[in-house]
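So the structure is just underneath, and the comments pick up after that.
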Amino acid sequence: MAPSKHASPFVSDIQEIRRRARQHILSGAVTDGYRADRETVVRVLNEALATEIVCTLRYRRHYFMATGIHAQSVADEFLEHANEEQQHADMIAERITQLGGEPDFNPQGLLTRSHSEYVVGTSLLSMIQEDLVAERIAIDSYAEIIRYLGDDDPTTRRIIEEILAREEEHAEDLRSLLETMGRDEPAPKLRT
Ligand SMILES: [Fe+2]
Ligand SMILES: [Fe+2]
């Protein structure tokens, strides 16, 4: 015997989901079931995008400016990080468009939107220190975004979690570089 129409609430939910999906088809990935505050999520993601762009630029500058006895291995690390920050920027920009927003690539106001600063080091050691500070800022702010999203937007949360894991690797790479180099030269004071 076929179940009555209301025998299974899950089935009727599926029908409702299908109906809404057709109704708002132009909303793309954003359905009525989207629980987060979309505008806030897009704004927060644009701040994360600015953070990644600033980090890309700073690492690229450091890659070209690295000189000294440890320069080659450190420069390789800077380049790898620069490329990964670029990938993060792309992942975030893509998610912004999925949410119906516009990724903000405007150079004007980039530093205001970014969580981390653009501080260029004057020596190889201070470059690494400034990059580590920026990574730690990114780690803190991404952890906060993940907490904010909770279960309301699991896809965005997963993307930020993936990026966070990579930033933690970056921070660890830099910490171990500092440790290696600290044996050879005294650490310059960090800008306060
Ligand atoms: Fe990144
Ligand atoms: Fe990073």
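Scope of the values below: all heavy atoms of this structure, side chains included, with no hydrogens, waters or symmetry mates.
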I need the [X] [atom1] to [Y] [atom2] distance, nearest 0.5 Å.
{"X": "E169", "Y": "D173", "atom1": "CD", "atom2": "CG", "answer": "7.0 Å"}
{"X": "L132", "Y": "E172", "atom1": "CG", "atom2": "CD", "answer": "9.5 Å"}
{"X": "D131", "Y": "E85", "atom1": "CG", "atom2": "CD", "answer": "9.0 Å"}
{"X": "N106", "Y": "L110", "atom1": "CG", "atom2": "CG", "answer": "8.5 Å"}
{"X": "R60", "Y": "L57", "atom1": "CZ", "atom2": "CG", "answer": "9.0 Å"}
{"X": "M91", "Y": "Q86", "atom1": "CE", "atom2": "CD", "answer": "12.5 Å"}

So which atom in [X] and which in [Y] form the shortest heavy-atom distance, rounded to 0.1 Å?
{"X": "Q129", "Y": "L178", "answer": "CG-CD2, 3.8 Å"}
{"X": "E167", "Y": "E135", "answer": "OE1-OE1, 3.0 Å"}
{"X": "I92", "Y": "E52", "answer": "CD1-CG, 3.8 Å"}
{"X": "S116", "Y": "V54", "answer": "O-CG1, 4.0 Å"}
{"X": "Y63", "Y": "A75", "answer": "CD1-O, 3.2 Å"}
{"X": "L49", "Y": "P103", "answer": "CD2-CB, 3.8 Å"}

> Which pairs, with at least one residue in residues 95-142 and sequence neighbours excluded, count as a ring-ring contact (aromatic ring centres under 6.0 Å, His included)?
Replying inline: none
Minimum side-chain heavy-atom gap [X]-[Y] below 4.5 Å:
{"X": "E77", "Y": "I128", "answer": "no"}
{"X": "I163", "Y": "I159", "answer": "yes"}
{"X": "L45", "Y": "I160", "answer": "yes"}

Using a strict threshold of under 4.0 Å (side-chain N to carboxylate O), is an ion pair present between [Y] and [X]?
{"X": "R95", "Y": "D153", "result": "yes"}
{"X": "R166", "Y": "E162", "result": "no"}
{"X": "R58", "Y": "E130", "result": "no"}

> If you measure only the distance, is there a donor-acceptor pair under 3.5 Å linking the side chains of N83 and Q87?
Replying inline: no
If Ile, Leu, Val, Met, Phe, Trp and Tyr residues are connected whenever their side-chain heavy atoms lie under 4.5 Å apart, and connections chain through other members, are [X] and [Y] in the same group?
{"X": "Y34", "Y": "I96", "value": "yes"}
{"X": "I139", "Y": "Y148", "value": "yes"}
{"X": "L164", "Y": "V133", "value": "no"}
{"X": "V120", "Y": "M127", "value": "no"}
{"X": "I146", "Y": "V42", "value": "yes"}

>> For E39, I'd like to know if atom CD has over 12 heavy atoms of other residues, nucleotides or ligands within 6.0 Å.
In response: no
>> So, using ring pair (Phe, Tyr, Trp, His ring centres under 6.0 Å) as the criterion, who are the partners of H81 when residues are at least two apart?
In response: Y59, H170
> Run the side chain to side chain contact (heavy atoms under 4.5 Å, CB included) check on D37 and V41 step by step: do they pass?
Replying inline: CA-CA 6 Å; D37 173 355; V41 174; 5.5 Å; no
Polar side-chain atom of [X] near backbone of [Y] as donor-acceptor pair, under 3.5 Å:
{"X": "R136", "Y": "E168", "result": "no"}
{"X": "R38", "Y": "L99", "result": "yes"}
{"X": "N46", "Y": "E102", "result": "yes"}

> Can you name the residues that form a salt bridge (Lys or Arg N to Asp or Glu O under 4.0 Å) with E161, not counting sequence neighbours?
Replying inline: R157
> Should V74 and M181 be marked as a side chain to side chain contact (heavy atoms under 4.5 Å, CB included) after you check the CA-CA gap, both sets of side-chain angles, and the distance that decides it?
Replying inline: CA-CA 10 Å; V74 176; M181 295 186 55; 4.1 Å; yes
